[in-house]
**Student:** 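One structure is given below, represented as structure tokens, and several questions about it will come after.
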2 protein chains.
Amino acid sequence: MARIKTTKDESRKDVILTAAAESFRERGYKATSMRDLAEKVGIEAASLYNHIDSKSELLIDICFGITTLMNDFMTSVEESDKTSLEKVETILRFQIKQMVDNFNNNFVANREWLHLENPELGEFRALRHGYRKRLNQIITKGIEDGEIKESINVPATVWLLLHAVYGIESWHRSKVQVDPSVLEDNMITILISGLKK
Amino acid sequence: MARIKTTKDESRKDVILTAAAESFRERGYKATSMRDLAEKVGIEAASLYNHIDSKSELLIDICFGITTLMNDFMTSVEESDKTSLEKVETILRFQIKQMVDNFNNNFVANREWLHLENPELGEFRALRHGYRKRLNQIITKGIEDGEIKESINVPATVWLLLHAVYGIESWHRSKVQVDPSVLEDNMITILISGLKK
DNA sequence: CCTACCGATCGGTAGG
DNA sequence: CCTACCGATCGGTAGG
């Protein structure tokens, strides 16, 4: 019985989280009121607090859900026996797919995280920094192995790659529709051939 | 006398605009209160309204200032006798320089414009759309002339290029310092060699 | 899950 | 440029 109750609560919270991700993406975290969110879910604002503790909890769940997913995937790629350039390609393809399939959550994690507060803000920054550092190491290895242009600046390249991918956020909103797989192949073509020695 | 008064008012407004751009970048438009802004300028919140009409006016001035600059530069490049690939490179270098030299204003124009309201919101979107369309035409010409890979999807490529550049926003905030000219050359190396046939 | 409500803060105005 | 203040809205709570 307690089990069923828990399940019910969790699925209700998921509905709230999904609505929150869409609202935060469309209007931004600060401009989304709990009354807006409640209306979207179909209940009164006060009723939201039976499922969550605070507005900030929603942002925390969204941001950490995405970064955890990204870091876990990074680990699986590091442990694979691909070449460095293949690793970069695999990571970029995963990020692009995530951006297309889970647009709202990724947008919020990329653009609204600055509204987190400590200690979560610090933890989030550390997670993202660790992620970039690991991508940095893969690219550095690729240069040592003669796979990647030795003339590039590695930290600047990491930024370029990640933000080229984050750009799909805005792309997704536009009216010009492109098939996601075309989009993915196009990004890989340009970025990987740009990196290749 | 009227002249002097106007000049004084304008320079005071410039101080407010500069402070606003920094605050909107750091905390976001919605999270920045007029009391925060007033404190930064060194006056009371009510006194701000002797120089501006509303909070939204500040966002409008910042966003349209940047897009006007970008569109004017685009015009000068279109009228030049460079090859298409050279035009793309020139535009990217200008955008990168702008992002480094005028970081706060560019960040706000790229990330906080969604808090504009109609009619300015519609006008701003139209300006940005026109800019992308013109870049699209340059790249299309480059493919026709055999300078640029014919395998790329042009709209998706425009998004990739612009967002790779917008990424400098976040880069600028990071602790890893890289010389701006190294950053610029690095981005050009990867993106232009990725485009080249 | 709702009604009723709280204290805090918001953008902005009146009047000097 | 300031003091004093307004109505609206915010996130969140009490109590049922």
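Hydrogens, waters and symmetry mates are skipped; everything else that's a heavy atom, side chains included, is used. Please read these numbers as outputs of a predicted model, since none were measured by experiment.
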**Student:** Each nucleotide in nucleotides 11-16 of chain C should get exactly one letter: B, S or -. Can you fill that in based on protein heavy atoms under 4.0 Å?
**Tutor:** BBB---

**Student:** Calculate the interatomic distance between A:Glu39 atom CD and C:dC1 atom C1'; express it in whole Å.
**Tutor:** 17 Å

**Student:** Using the ring of each side chain (for Trp, its six-membered ring), is B:Phe124 parallel, tilted or perpendicular to B:Phe64, with breaks at 30° and 60°?
**Tutor:** perpendicular

**Student:** I need the single residue from A:Phe107, A:Trp113, A:Phe24 that forms a ring pair (Phe, Tyr, Trp, His ring centres under 6.0 Å) with A:Tyr29. Which is it?
**Tutor:** A:Phe24

**Student:** Does the structure show a Watson-Crick or G-U wobble partner for D:dG11, both distances under 3.5 Å? Name it, or say none.
**Tutor:** C:dC6

**Student:** Is it true that atom NZ of A:Lys141 has more than 12 heavy atoms of other residues, nucleotides or ligands lying nearer than 6.0 Å?
**Tutor:** no

**Student:** Over all heavy atoms of both residues, which pair between A:Asn102 and A:Asn105 is shortest? Give the atoms and the distance, please.
**Tutor:** OD1-ND2, 3.0 Å

**Student:** Look only at the side chain of B:Asn106 and the backbone of B:Gln98, and say whether a donor-acceptor pair between them is shorter than 3.5 Å.
**Tutor:** yes

**Student:** Once you round it to whole Å, what is the distance between P of C:dC10 and CD of B:Glu44?
**Tutor:** 14 Å

**Student:** State, to 0.1 Å, how close B:Lys87 and B:Ser80 come at their nearest heavy-atom pair, and which atoms those are.
**Tutor:** CE-O, 3.8 Å

**Student:** Is there a Watson-Crick or G-U wobble partner for C:dC1 with both distances under 3.5 Å, and which nucleotide is it?
**Tutor:** D:dG16

**Student:** For B:Ile43 and D:dC2, what is the distance between atoms CD1 and C1' respectively, to the nearest whole Å?
**Tutor:** 10 Å

